[in-house]
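Just the heavy atoms: all of them, side chains too, but no hydrogens, waters or symmetry mates, feed the values below.
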Amino acid sequence: QVQLVESGGGLVQPGGSLRLSCAASGDIFSIHTMGWYRQPPGKQRELVAAATSGGSTNYAESMKGRFTISRDNFKNTVYLQMNSLKPEDTAVYYCNAVGVRIRQTGRQYNVWGPGTQVTVSS
């Protein structure tokens with residue numbers, strides 16, 4: 001079974017920074033795409049950023065220039081560096097892994113983490 005564990009959320013003042021981490025564990029051979037989504041209070045879940053195993057990245061327009069996604073394929077870990085945070089960035093941030101190939105069976109799965117709360121407030 002594959003699990004995603006997020007860390008790094010918390011309370012930060014406007015203009016501050018946070019770094020989220022998400023580590024995948026299990027009998028993993030490879031992961032095609034790892035990314036971050038967020039769900040603000042009362043709103044739908046939305047893409048923040050994603051990174052493929054080949055190094056391609058994709059960002060939501062409103063996050064470009066403030067957020068940076070990076071990935072360590074050997075550690076099956078993805079990071080999200082968030083700078084210049086705004087109150088509207090307050091949300092539960094979810095890690096997502098697409099195309100998780102299991103070493104023993106060769107099957108692929110899509111997996112979500114439980115989420116980590118990010119609150120931007122003075």
Side-chain angles (χ1 to χ4, degrees):
Q1 186 175 1
V2 176
Q3 290 186 326
L4 301 180
V5 178
E6 301 120 333
S7 61
L11 173 65
V12 63
Q13 292 186 342
S17 298
L18 279 177
R19 188 186 191 223
L20 304 183
S21 300
C22 171
S25 63
D27 186 27
I28 300 170
F29 177 75
S30 63
I31 303 175
H32 183 271
T33 301
M34 296 187 77
W36 294 93
Y37 287 72
R38 71 183 186 184
Q39 187 164 15
K43 297 184 179 181
Q44 291 187 333
R45 193 174 298 189
E46 60 181 359
L47 172 71
V48 176
T52 69
S53 57
S56 298
T57 57
N58 180 39
Y59 293 89
E61 196 63 35
S62 63
M63 283 61 146
K64 287 182 179 179
R66 298 191 300 126
F67 292 6
T68 303
I69 191 169
S70 60
R71 181 174 166 175
D72 185 330
N73 291 331
F74 293 105
K75 294 182 179 180
N76 291 323
T77 300
V78 65
Y79 307 94
L80 184 69
Q81 178 67 43
M82 304 187 291
N83 299 327
S84 303
L85 283 162
K86 306 173 182 179
E88 50 264 43
D89 294 317
T90 295
V92 178
Y93 284 70
Y94 295 92
C95 182
N96 172 249
V98 175
V100 182
R101 186 177 294 277
I102 303 302
R103 186 179 304 275
Q104 183 175 15
T105 65
R107 293 181 177 178
Q108 293 192 66
Y109 298 90
N110 298 334
V111 185
W112 288 93
T116 185
Q117 177 70 45
V118 171
T119 302
V120 184
S121 175
S122 56

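For the pair R101 (side chain) and F29 (backbone), a donor-acceptor distance under 3.5 Å is absent. Under a 3.5 Å cut-off, the side chain of N76 and the backbone N or O of S30 do not form any donor-acceptor pair.
Each of L85 and V92 belongs to its own hydrophobic cluster when Ile, Leu, Val, Met, Phe, Trp and Tyr are linked at side-chain heavy-atom distances under 4.5 angstrom. Under the 4.5 Å side-chain heavy-atom criterion for Ile, Leu, Val, Met, Phe, Trp and Tyr, Y79 and F67 are members of distinct hydrophobic clusters. One hydrophobic cluster, built from ILVMFWY side chains closer than 4.5 Å, holds both M34 and V2. Connection of Y37 to Y59 is not established within any shared hydrophobic cluster, with ILVMFWY side chains joined at heavy-atom distances below 4.5 Å, either directly or through further cluster members. The hydrophobic clustering, which links ILVMFWY residues whose side-chain heavy atoms are closer than 4.5 Å, places L4 and V98 apart.
Closest of all the heavy-atom pairs between G9 and V118 is CA-CG2, 4.1 Å. Nearest heavy-atom pair, L80 versus A49, reported as atom, atom and distance to 0.1 Å: CD1-CB, 4.4 Å. The two atoms that bring R38 and A91 nearest to each other are CB-CB, 3.9 Å, heavy atoms only. Contact between Q104 and D27 at its shortest, heavy atoms only, is N-OD2, 3.1 Å. Considering every non-hydrogen atom in both A24 and I31, the closest pair reads CB-CD1, 3.8 Å.
From D89, atom CG reaches atom CG of L18 across 10.0 Å, with rounding to the nearest 0.5 Å. For the atom pair OG1 of T57 and CZ of R71, the computed distance is 12.0 Å after rounding to the nearest 0.5 Å. Atom OG of S62 is separated from atom NZ of K86 by 8.0 Å, given to the nearest 0.5 angstrom. Remark: E46 CD to Q39 CD distance equals 9.5 Å, nearest 0.5 Å. Rounded to the nearest 0.5 angstrom, T68 OG1 and N83 CG are separated by 6.5 Å. Residue T90 holds its OG1 atom at 7.0 Å from CD of Q117, rounded to the nearest 0.5 Å.
Counting heavy-atom neighbours within 6.0 Å of E88 CD, excluding the residue itself, gives a total above 12.
For the pair L47 and N58, the minimum side-chain heavy-atom distance is below 4.5 Å. Side-chain contact between V12 and S17 is absent, with no heavy-atom pair separated by less than 4.5 Å. Side chains of L20 and E6 form no contact here, defined as non-hydrogen atoms less than 4.5 Å apart. Here the side chains of Q3 and V111 are not in contact, with every heavy-atom distance at 4.5 Å or above.
Taking the six-membered ring where tryptophan is involved, the planes of Y94 and W112 are perpendicular, since the angle between them exceeds 60° and thus also 30°.
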